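Below is one structure; the comments refer to it alone.
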2 protein chains.
Amino acid sequence: MNPTFLAALRAALPANSLLLEAEALRPYECDGLSAYKQIPLAVCLPETLEQAQAILRVCREHQVPVVARGAGTGLSGGALPLADGVILSLARFNKILRIDADNRLAVVQPGVRNLAISEAVAHLGLYYAPDPSSQIACSIGGNVAENSGGVHCLKYGLTVHNLLALKVLTIDGELLDIGLQAFDSPGYDLLALMTGSEGLLGIVVEVTVKLLVKPERAQVVLAAFASVETAGAAVAKIIGAGLLPAGLEMMDNLSIRAAEDFVHAGYPVDAAAILLCELDGANAEVSEQILALRAVLLDAGATEVRTAEDDAQRLKFWAGRKGAFPAVGRISPDYYCMDGTIPRQHLARVLGRIGELSTQYGLRVANVFHAGDGNLHPLILFDANQPDELHRAEAFGTDILKLCVEVGGTVTGEHGIGVEKLDAACSQFTPEELIQFHAIKAAFDPDGLLNPGKAVPTLHRCAEMGRMHVHGGALPFPDLPRF
Amino acid sequence: MNPTFLAALRAALPANSLLLEAEALRPYECDGLSAYKQIPLAVCLPETLEQAQAILRVCREHQVPVVARGAGTGLSGGALPLADGVILSLARFNKILRIDADNRLAVVQPGVRNLAISEAVAHLGLYYAPDPSSQIACSIGGNVAENSGGVHCLKYGLTVHNLLALKVLTIDGELLDIGLQAFDSPGYDLLALMTGSEGLLGIVVEVTVKLLVKPERAQVVLAAFASVETAGAAVAKIIGAGLLPAGLEMMDNLSIRAAEDFVHAGYPVDAAAILLCELDGANAEVSEQILALRAVLLDAGATEVRTAEDDAQRLKFWAGRKGAFPAVGRISPDYYCMDGTIPRQHLARVLGRIGELSTQYGLRVANVFHAGDGNLHPLILFDANQPDELHRAEAFGTDILKLCVEVGGTVTGEHGIGVEKLDAACSQFTPEELIQFHAIKAAFDPDGLLNPGKAVPTLHRCAEMGRMHVHGGALPFPDLPRF
């Protein structure tokens with residue numbers, strides 16, 4: 001490491017906030033996408049805003065890349081270190097600063113865990129809605145960076161829909177106050193732009209979240225189907241009927257059997273697919289909606305429709321869904337979890353095609369996913385010890401993502417692009433769109449020091465992927481900044 | 001006009017799509033902010049995407065500014081022409097392209113009127129939620145540019161919350177496809193960035209809006225209060241109690257009397273203030289909420305609480321509110337309509353202070369506004385024929401906007417910044433924030449040709465306003481692009 005840079009970092013931080021030894025750096029070598037690993041130059045653990053600002057100024061001055069890190073639970077490698085960069089961990093920004101029940105908001109630091117917010121306001125009858133499956137561990141700052149979803153985002157929205165304001169540091173260490181407690185905010189909408197930008201535009205140092213009133217009642221309906229296509233079509237019919245479930249999840253036969261063996265949720269193990277549909281709200285409203293939902297499900301060809309008899313059964317139904325990933329882990333040495341999103345009306349078609357691809361690649365696939373918002377999570381089962389199986393699983397996964405784009409969907413649902421999906425993102429965007437993205441990046445970070453090489457593929461990379469028209473060896477836009 | 005430029009425009013457009021004569025240009029000299037007027041160089045009325053692209057390319061090539069215009073109902077001068085620029089009218093982009101009831105969306109061209117969307121889907125039991133008071137006339141493209149709100153945006157959100165996708169032309173005439181029908185969208189969130197950007201970043205040429213299912217029932221409760229402060233405090237209590245009204249409007253005594261004289265809505269004319277609170281949803285749910293609402297209102301000190309007895313009375317209650325602006329127009333030769341937003345909890349304090357300012361300036365003020373989302377519309381009454389009254393009204397208005405910013409609110413609610421509030425925006429933003437805004441503008445429009453001089457004040461202007469620290473006569477950031 002450049003000794004001037006090191007001296008400047010040491011001057012900016014107390015000794016216990018700067019990790020430099022290989023052993024101390026090891027835990028930071030990857031996030032939840034553990035296939036990619038890299039030891040960083042250093043890890044900074046600031047405790048104050050001034051320290052975070054100082055780190056950014058030192059890095060900018062020495063042109064050293066900065067990768068922000070929350071709880072490290074991300075699944076697309078967004079927090080993967082760079083060999084020549086520092087990790088800026090927000091782990092010590094872990095305080096809930098203010099709870100305002102009257103205005104139903106909480107002001108928290110980015111290192112606060114997602115679930116800790118709901119726990120802190122539970123006594124007020126309030127909660128924070130977005131519930132990624134990692135919510136026990138993941139931090140709200142990471143949720144903002146990835147625009148995280150969860151089971152309940154169909155009704156309550158993604159992270160971006162549950163934010164009121166952000167404080168963000170630019171690469172220069174300048175503080176931007178984004179969004180306001182007032183309803184509308186003037187100027188360009190930086191709140192949404194920053195949300196989901198995967199650490200490429202700024203460092204989130206404070207988050208004001210919306211709190212919701214806990215619904216009076218929640219109830220789950222389980223419906224069984226004789227084919228995944230019928231189940232997929234039923235999802236579109238539920239939404240088309242004007243119902244807005246709090247959660248609408250689908251599992252196919254392989255997942256049902258695996259979950260039942262593991263959790264004993266009481267699922268119908270012979271069904272080709274089940275839907276789990278949660279309705280919440282005022283007591284009377286939920287009762288009315290259950291009647292309407294049952295009618296739609298039967299009309300859509302459900303072979304069985306069961307309403308949970310009590311809260312214990314409701315939680316059991318959910319336990320099966322929540323245990324589905326580890327349950328699949330029990331029946332296969334390895335699995336590869338995909339994450340793509342499609343318009344709901346194409347669910348039946350895409351599920352049918354995934355079945356065909358499964359036969360073609362000779363690999364089983366378990367489908368467990370957020371059906372209501374079209375967010376697929378096909379789990380491709382393979383054995384890494386068998387020659388060629390990992391390779392086939394990856395090719396299968398790439399085909400699924402291409403299929404998502406073909407039907408008007410996206411290569412990522414709630415896991416972000418990170419490093420994992422840079423190639424897939426080349427199918428997603430036109431060169432004009434990528435140019436616009438890079439121009440926005442440059443508007444915030446002219447030297448490309450914030451999490452470079454993630455989230456937005458370069459035009460070069462897409463050209464190499466054959467996803468762009470290249471004439472006479474020259475890129476169509478050769479004069480572009482490259483990150 | 002430069003003859004080469006004129007020839008290029010003529011080549012790009014059919015003769016009846018290009019207006020050049022003073023008489024033909026006159027109707028375009030202003031939008032709803034008629035205090036500002038300017039005849040443009042030319043008005044272009046493209047009918048096809050290719051024509052719109054050609055206009056932009058010609059303007060970019062000849063470095064001629066472009067001001068997009070929808071229905072011209074904007075209230076902050078966002079569509080005010082430039083003497084050396086062209087107006088790009090989207091009036092002929094007026095088709096509803098697709099209605100998809102199953103997925104509850106409509107794809108429309110930007111010149112389609114707001115209300116026309118709801119009318120076109122009414123037979124399906126659907127509607128488009130944002131309802132600016134100009135909804136009979138205003139176009140959806142203008143709504144996107146201004147991120148318009150309306151009475152129902154407290155529950156159903158602003159325009160940005162009711163969009164799924166946009167097609168946008170860049171200043172180069174390139175088409176950007178922004179947002180998707182799928183739930184999440186990868187890459188930076190340009191949908192929100194574009195919404196409310198007042199024509200400075202691109203030209204919206206297609207809009208995909210969300211449609212909602214019409215609620216089974218809507219009911220209005222009217223509550224009277226002995227002071228505006230008590231009424232303001234009641235608003236925070238309603239929201240704090242977990243109620244989410246579809247609309248929550250407030251009128252003070254002057255507005256009540258004016259509206260009652262004009263519309264005979266049956267308002268209590270001795271009340272210092274009334275709240276109109278609409279609840280909608282399933283039948284049973286609305287009944288439960290009305291009980292809860294009445295309890296909160298009485299607890300908050302309401303002197304009278306009336307639930308509309310039938311739909312006729314409900315509509316009468318609303319007729320008074322909707323007729324309030326013309327009603328105030330009957331009791332004063334002129335009025336100046338302000339638009340600012342504050343956090344709800346400060347309503348009582350801000351209303352008290354507006355009362356004091358009214359005495360100080362010797363001008364009456366009528367308060368009629370979207371109380372639920374803290375969006376104030378103080379109407380300052382004056383007589384333009386009396387020396388100094390306009391001047392005092394403007395100073396009074398400026399003080400109100402400063403007050404909004406002081407309590408953590410904004411200088412604009414739903415009317416945008418345009419040209420009207422450029423100075424006020426200087427109190428809103430820090431230099432760092434303005435620099436970031438100008439950098440984003442440059443990322444889309446490097447030559448500053450799209451609606452220059454609107455929405456985001458230059459650093460120079462803010463420095464002249466004394467709202468920025470200027471050391472030794474030099475701006476803190478002298479190397480910035482200026483628009």
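Letters go in sequence order (proteins before strands), and every chain restarts at 1. Hydrogens, waters and symmetry mates play no part in the numbers below; they use all other heavy atoms, side chains included. Values in this document were obtained by computation on a predicted structure and should not be read as measured data.
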Contact origin within [X] toward chain B - heavy atom pairs under 4.5 Å:
| X | result |
| --- | --- |
| A:L201 | side chain |
| A:E433 | both |
| A:L126 | neither |
| A:L124 | neither |
| A:L193 | both |

Quick one: which of [options] has the most heavy-atom pairs under 4.5 Å with chain A, could you say?
| options | answer |
| --- | --- |
| B:K237, B:K421, B:E285 | B:E285 |
| B:A282, B:G242, B:G240 | B:G242 |
| B:V160, B:D177, B:T195 | B:D177 |

- [ ] Find out whether B:Y188 and A:Q436 are in side-chain contact, i.e. whether some heavy atom of one side chain is under 4.5 Å from a heavy atom of the other.
- [x] no
Open item on the list: Quick one, B:D102 and A:Q345 - any side-chain contact, counting heavy atoms below 4.5 Å?
Closed with: no
Below 4.5 Å from any heavy atom of chain A, which atoms of [X] appear? Answer side chain, backbone, both or neither.
| X | answer |
| --- | --- |
| B:A236 | backbone |
| B:I417 | side chain |
| B:I238 | neither |

Open item on the list: Whether the side chain of A:E432 engages the backbone of B:L175 through a donor-acceptor N/O pair (distance < 3.5 Å, no angle test) should be reported.
Closed with: no
Open item on the list: What's the separation between atom CD1 in A:I435 and atom CD in B:E174, rounded to the nearest 0.5 Å?
Closed with: 7.5 Å
Open item on the list: Which residues pass the ring-ring contact (aromatic ring centres under 6.0 Å, His included) test with A:Y127, not counting sequence neighbours?
Closed with: none
- [ ] Could you pull out all residues at least two apart from A:D172 that satisfy salt bridge (Lys or Arg N to Asp or Glu O under 4.0 Å)?
- [x] A:R60
Open item on the list: Using every non-hydrogen atom in the two residues, find where B:E288 and A:A284 come nearest and quote the distance to one decimal.
Closed with: OE2-CB, 3.9 Å
TODO: Could you pull out the closest heavy-atom pair between B:A443 and A:I440, with the gap in Å?
DONE: CB-N, 4.0 Å
